[in-house]
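Data block below; observations after.
Throughout, a chain's letter reflects where its sequence line sits, starting with A, and its residues are numbered from 1.
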Amino acid sequence: MRRSAVIVSRALVDLVRRPAVTGLTIGTVAVVFLLLGLFGLLASNFSGLADKLSSRLRLTVFVDDDCQRECRQQLQQWLQSREAVAAVVVVERQQALEDFRRRLGDDAHLLEVLGENPLPASLQVELRPGKRRTEIMAALATQLEKLAGVEEVQYGQRWLGRFFRFIRVVRTLGLVLGGLILLAAAVIVSNTIRLSVYSRRQESEIMGLVGATPAFIKAPFYLQGALVGLLGAGLGVGLAYLAFLVVAPWLRMPVGLGQSSFTPAFLSPTTALLVVAGGALLGLAGTAASLWRHLRK
Amino acid sequence: MIEMYHVHMSYGPDSPALTDITLRIEKAEFVFITGPSGAGKTSLLRLAFLAEPCQAGQMLLFGKNVARVKRREIPLLRRRIGVVFQDFKLIPTMTVRENVGLVCDVMGIGGRERRQRINEALRMVGLEHKAGSFPLKLSGGEQQRAAIARAIVNDPPILLADEPTGNLDPELSRAIYRLLSEINARGVTVVVATHDIDWVRRTRKRIIEIDRGRVISGGMPDA
């Protein structure tokens, strides 16, 4: 108990004795975690948006005018026998027009200029949740296009591909940049701890000579590192939350015509706590690097 | 308490510090280690409190073969040995009370016992009135006494002192010697390394004389 109190007090005294260095380090870690938080938010919200869009992804199989009841039934049966397919709904030409009219809302009168219904009949194919991927859709579309009666298959292939590629780039960039700035933060924490190690070098040596264990000598430095990391990460996540509160209202967007909107979300409390704990780990890693170099004996 | 048999220690291939050292220091003895500068007195003390490894021969501390002492056990053995360093090794940013209390912190002694031990050690060396002072505000003799207080605060069975009177005038040297004798009278084994052989001879204590890293005389107690 007494030893723990000594360790805590030694750790705190150093941090308080050098407020500028301590503040600067906490500030730097905070900026790092703010950036990481923003990247994380971007990545997780894009993922959320992708999930939301994926849940609405459907294949639309347009059939040609010659493909009547029997032909459509055959196509429907073929689709239902596919493992990836959850449901198939036949949309007749008239119903397609009604749906379109409803989606246009106030602009539905534009349809009046068309003499006859230009929309073809179609099969709306819904995929199972785990199968809503562009490559599966592409494979299914290729097979469908070879079947008799199929005029065209659409699933927004071009923009979907681009969107998912964009998400992949954001994620990779986030990981690489995140790794680099985490490394930079660890170096900064390590340097701060090194100052403490230097200022207490004589004390550490004397403690060793009077019987202190290496763990007892090093523990305050580890505590300092963990505290700096924890406070910095906490501050960074807090700032990221403030930034999110400011920016989030601007990012609400509708998903699809007349569909529900996408609302950006902040990190879950568990994730936020894990990120802050990650700050403490970063501090510990920085301290370990510093002690490894300067207090090996 | 301290036994060395044919002990060898060097700081490098071409710089042997101690060669074929054989000596024995009994419980509650007061022993001087003398010799000219560079004879190996400090190396011998450093070996005795395990600051240096025994590279050859056999060394027993409290009857324990140090070759079999695990690395993690060394701090525990050191807590049983008080050391007064030649350069005092007081921490300048800590008061005398804090410097002395450092040993209590290391040993996990807190609260009232800590206060009592520090006060008792400071009283014994006559520094109660300087408890709140920083080392750099003290005279050489006072710093020496503060270092002794730190070395005895946890009642170690062995006290090693490296040139404890080295920088002091004759009067202060006698005061320090009286203090060490008082500590010895309590049953503590006291080993003092000094180059002041004339002064040591007047004390009629056992003298282990070393030169160029070898024991010249007095390695074994009289039968």
Side-chain angles (χ1 to χ4, degrees), chain A residues 1-22 25 192-228 287-288 290-297, chain B residues 42 45-46 48-53 70-94 98-115 117 121 135-136 146-154 156 158-160 162:
Chain A
M1 188 65 190
R2 170 71 198 163
R3 283 202 185 103
S4 308
V6 170
I7 288 167
V8 171
S9 108
R10 279 166 58 81
L12 293 180
V13 161
D14 265 7
L15 292 180
V16 174
R17 261 185 199 162
R18 285 190 296 270
V21 175
T22 304
T25 310
T192 303
I193 300 301
R194 193 169 58 180
L195 285 177
S196 285
V197 172
Y198 264 119
S199 73
R200 284 191 179 264
R201 204 170 30 178
Q202 188 191 17
E203 191 180 324
S204 298
E205 183 207 340
I206 293 168
M207 286 176 76
L209 292 174
V210 299
T213 59
F216 184 75
I217 296 170
K218 289 175 184 174
F221 299 120
Y222 277 109
L223 189 60
Q224 276 176 28
L227 271 175
V228 165
T287 307
S290 185
L291 291 181
W292 184 73
R293 276 189 296 176
H294 302 285
L295 210 68
R296 255 182 280 183
K297 283 182 185 173
Chain B
T42 300
L45 290 192
R46 285 182 65 79
F49 72 91
L50 308 177
E52 300 293 342
K70 290 181 182 134
R71 203 178 162 85
R72 66 169 186 276
E73 290 172 345
I74 290 177
L76 304 179
L77 270 181
R78 277 191 190 151
R79 290 176 199 175
R80 299 175 67 192
I81 305 170
V83 185
V84 182
F85 299 95
Q86 193 171 5
D87 57 353
F88 315 134
K89 289 205 187 297
L90 295 169
I91 298 162
T93 53
M94 287 182 172
E98 288 166 341
N99 267 286
V100 175
L102 191 69
V103 178
C104 296
D105 295 340
V106 163
M107 296 187 68
I109 299 168
R112 188 194 284 180
E113 191 188 348
R114 183 177 189 272
R115 276 196 302 279
R117 278 176 181 263
L136 294 178
I148 294 173
R150 187 183 60 194
I152 60 170
V153 72
N154 58 328
I158 298 176
L159 177 66
L160 308 177
D162 191 5

Roughly how far, to the nearest 0.5 Å, is the CG atom of B/Leu50 from the CD atom of B/Glu73?
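Rounded to the nearest 0.5 Å, the CD-CG separation comes out at 11.0 Å.
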
So, taking the atom named CG in B/Asn154 and the one named CD1 in B/Ile81, what distance separates them when rounded to the nearest 0.5 Å?
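If we round to the nearest 0.5 Å, B/Asn154:CG and B/Ile81:CD1 are 10.5 Å apart.
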
Measure B/Ile74 against the heavy atoms of chain A and call it side chain, backbone, both or neither at under 4.5 Å.
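Neither part.
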
Does the distance from a Lys or Arg side-chain N to an Asp or Glu carboxylate O, for B/Glu113 and B/Arg117, drop under 4.0 Å?
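Yes, this pair counts.
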
Which residues share a ring pair (Phe, Tyr, Trp, His ring centres under 6.0 Å) with B/Phe85, sequence neighbours left out
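Listed in chain order: B/Phe49.
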
Under 4.5 Å from any heavy atom of chain B - which part of A/Glu203
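Both backbone and side chain of A/Glu203 come within 4.5 Å of chain B.
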
Which of B/Arg80, B/Lys89, B/Arg72 touches chain A most, by non-hydrogen pairs under 4.5 Å:
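Maximum pair count with chain A is reached by B/Lys89.
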
